[in-house]
Amino acid sequence: MDCGMRLLFIHSDHLEFEAREKAGPDSLAETEGVPMEGRMEECVTAFISVESDDEEDVEGVVENALTELRDVTGQLNTQNVVLYPYAHLSEDLASPDAAKQVMQDLETELEAESYEVLRAPFGWYKSFEVSCKGHPLSELSRHVAHHRDEEKDEEELDREPSDWKVMHPGGETDDAVTAKADTSEDMQAFIEDEVEDVVASPGEEPPHLQIMKEKELVGYDDLSDVGNLRFYPRGKLIRDALMDYVNDLVVDYGGMPVETPIMYDLGARCIDEHAGKFGERQYRFESGDRRMMLRFAACFGQFSIMRDMHISENDLPLRIYEMSTYSFRREQKGEVTGLKRLRAFTMPDMHTATGDMDQAREELMKQAKLALQTSEDLDINYEPAIRMTREFYEENEAWVEEVVDELGKSALLEIIPERHHYWSAKIDFAAIDGLGRPIENPTVQIDVESAERFDIEYTDGTDQHHPPILHYSPSGGIERVMAALLEQTATMDTPQLPTWLSPTQVRFIPVRPDQHTDYCDELADDLEAADIRVDIDDRDESVGKRIAGAETDWVPYYIIVGGDEIEGETLGVNVRADDEELDMTPAELKETVREDIADLPQQARYLPRYVSDHPNFTGN
RNA sequence: GCCGGUGUAGCUCAGACUGGCUAGAGCGAUUCCUUCGUAAGGAAUAGGUCGAGGGUUCAAAUCCCUCCACCGGCUCCA
């Protein structure tokens with residue numbers, strides 16, 4: 001959000017004002033210590049509004065405003081300043097008392113620095129005349145946040161750097177940079193990015209951006225906000241298949257699906273406090289006279305369910321799950337890219353209430369292993385990072401070793417000197433994109449604060465307890481999974497998606513559409529009965545051109561069908577994955593495709609059976 | 001959010017520095033011809049508020065200002 005004191009500077013030949021009548025109750029208007037009229041020559045006039053959030057730190061905002069004033073007067077080479085309260089600059093005014101205080105403090109401070117100051121009274125309708133010099137710097141506006149810069153620096157300095165290690169299965173542990181050479185290529189890239197602050201392939205655009213456009217998967221929409229995407233049928237199919245996959249996985253594990261609201265009332269203390277931890281990265285809006293926010297994950301709704309439940313010890317671990325379409329994070333504009341970083345995205349989100357830290361650790365381990373299962377099913381390599389406070393690490397070192405053993409691969413350890421988030425330990429998994437940069441996907445964390453904040457309790461029959469709660473996303477955001485999948489294709493000799501995610505799984509190309517399409521239809525009917533997505537390229541184009549089309553559409557299996565096939569027993573099946581043509585009977589083809597899909601979810605086709613009926617969504 | 005780059009036909013791009021004929025090309029689309037056996041057959045036609053708004057000028061896609069979007073870097077990623 002765009003908050004904080006607003007300043008409009010006018011470099012003036014002169015400024016003159018006169019108070020006319022009080023702009024509110026008597027108590028509001030300033031009458032002492034300020035002139036009711038005044039004039040100053042050759043000055044900088046500062047029109048000022050103090051914003052409501054400045055009240056949190058009046059001294060801070062005064063200090064920062066002074067910095068701006070020194071800067072501006074320095075540039076304009078003048079020591080004459082008019083301080084002019086100007087409420088109309090504001091979006092959300094501070095209380096009059098706070099505003100008056102700020103104005104008075106500014107005057108005092110400036111005078112102490114031997115400025116000539118003229119201050120106009122607060123709380124009056126005033127007539128004024130200003131003569132702007134009109135040179136390029138004569139009109140300047142500034143926003144001032146209430147956090148003091150030094151304070152911010154101090155806070156950051158206070159945060160001692162993390163300690164980075166790599167732990168191998170078996171428990172061997174080294175400093176991360178030292179261990180780098182002995183790790184996989186992806187882990188090396190991960191360490192360089194996380195620990196050494198190296199930007200991989202600087203200046204390059206991640207390959208998935210082009211692919212998502214070229215393949216008519218996903219696009220931008222000018223009519224929405226930045227980072228809110230639209231999905232064309234092919235992209236929508238991939239997205240839906242991934243969501244089904246994750247839903248099945250989590251429900252099978254024991255997550256109980258729910259659906260909760262996407263907006264929450266900031267008037268509720270628990271919401272306001274929790275939301276406050278995310279600073280300005282929220283969509284906020286007013287609905288009637290309530291201040292609302294859009295959720296950034298499913299935490300609020302699920303915590304709210306848990307709060308209202310009567311949870312018995314026997315219900316634990318209690319796992320509540322939701323595919324949060326959508327979650328919203330108002331990321332800074334410059335941070336939003338493609339499918340990797342969005343303002344509206346879909347996150348599978350499960351919260352698990354556990355009985356105690358022992359059970360929390362046990363669950364964390366299981367859920368982390370389940371996340372690695374997605375790595376296998378989706379064919380995306382993930383590198384794990386275990387992040388925890390020093391305290392947690394020292395108390396649980398043996399357990400951390402056990403986790404790394406269970407995961408069966410080396411993990412990056414981040415040891416954080418002090419807890420400054422709601423979690424004390426978390427594991428996340430990063431895919432490495434085509435440029436060598438991490439995409440953080442699955443994550444599971446132990447939350448040690450929220451149960452108390454949201455008043456979540458379970459009973460052991462006699463006593464009430466606050467459960468440690470795990471936050472879990474088994475796959476990470478669906479869009480990020482798509483990003484990782486597409487990035488992966490960019491490194492392949494024959495770029496392709498897994499069969500179960502291919503919008504078209506089998507394509508028939510009739511040599512002469514007018515003569516051979518009927519037979520293709522028969523073949524297609526048969527495959528469709530086995531839930532395979534088939535289409536027929538019946539366009540009146542050369543065979544060569546339609547083959548090219550099947551290749552650029554990344555169709556895993558395509559078959560030219562002419563007289564030979566109609567008369568013969570077998571089909572010449574082009575298998576893109578192996579880059580070869582195999583003779584198969586229709587039954588063998590069906591079996592081969594079904595084997596690829598195995599028990600992964602399968603949607604029906606989203607585009608018409610005949611390629612001649614496929615509309616162009618983006619013009620490619 | 002800050003700094004830099006980019007924005008021209010549905011898509012990919014030329015033209016911009018140095019203002020000046022009717023803003024071009026390839027792909028795609030439409031129509032016609034071709035009836036084709038493993039990566040793009042031929043021809044014709046249509047298609048443009050040159051990102052939006054303002055300004056300078058006799059004249060602006062081209063120069064200036066503001067805004068928007070995309071890309072990169074910073075920051076950020078609970």
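Predicted model only: the values in this text are computed from it and were never measured. Just so it is clear: chains get the letters A, B, ... in the order the sequence lines come, proteins before strands, and each one is counted from 1. All heavy atoms count here, side chains included; hydrogens, waters and symmetry mates do not.
Here B:G37 presents its C1' atom at 14 Å from CD of A:Glu567, a figure rounded to the nearest Å. Between A:Lys215 atom NZ and B:U12 atom P the separation is 14 Å, expressed in whole Å. Atom CD of A:Glu335 is separated from atom C1' of B:C77 by 7 Å (rounded to the nearest Å). For the pair A:His614 NE2 and B:G10 C1', the computed distance is 18 Å after rounding to whole Å. Distance, A:Gln332 CD to B:U75 P: 11 Å, rounded to whole Å. Atom C1' of nucleotide B:C76 and atom NE2 of A:His421 are separated by 12 Å, given to the nearest angstrom. B:C76 atom P lies 14 Å from atom CD of A:Glu440, rounded to whole Å.
Between the side chain of A:Arg437 and the backbone N or O of A:Ser201 there is at least one donor-acceptor pair closer than 3.5 Å. Remark: side-chain polar atoms of A:His471 are not paired, donor with acceptor, to backbone N or O of A:Val444 under 3.5 angstrom.
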task: Spell out protein contact along nucleotides 38-43 of chain B as letters: B when the base is contacted, S when just the sugar-phosphate is, - when no protein heavy atom is under 4.0 Å; keep the 5' to 3' order.
output: BBBS--

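In secondary-structure terms, RNA chain B builds stems of at least 3 consecutive Watson-Crick or G-U pairs, each pair having both distances under 3.5 Å, at B:1-7 with B:68-74, B:10-13 with B:24-27, B:29-33 with B:41-45, B:51-55 with B:63-67.
You'll find that the side chain of A:Asn616 is closest to B:G28, out of B:G28, B:C77, B:G37.
Within the nucleic acid shown, A:Lys426 comes within 4.0 Å of sugar-phosphate atoms alone, with no base atom in reach, counting heavy atoms only. Residue A:Tyr422 is in sugar-phosphate contact alone, with no base atom involved, counting any heavy-atom pair closer than 4.0 Å across all strands shown.
OP1 or OP2 of B:C36 sits under 4.0 Å from a side-chain N or O of A:Arg512.
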Each nucleotide N or O in nucleotides 70-72 of chain B that has a protein N or O under 3.5 Å away: list the pair and distance.
{"from": "B:C71", "atom 1": "OP1", "to": "A:Tyr220", "atom 2": "OH", "distance (Å)": "2.5"}
{"from": "B:G72", "atom 1": "O3'", "to": "A:Gly203", "atom 2": "N", "distance (Å)": "3.3"}

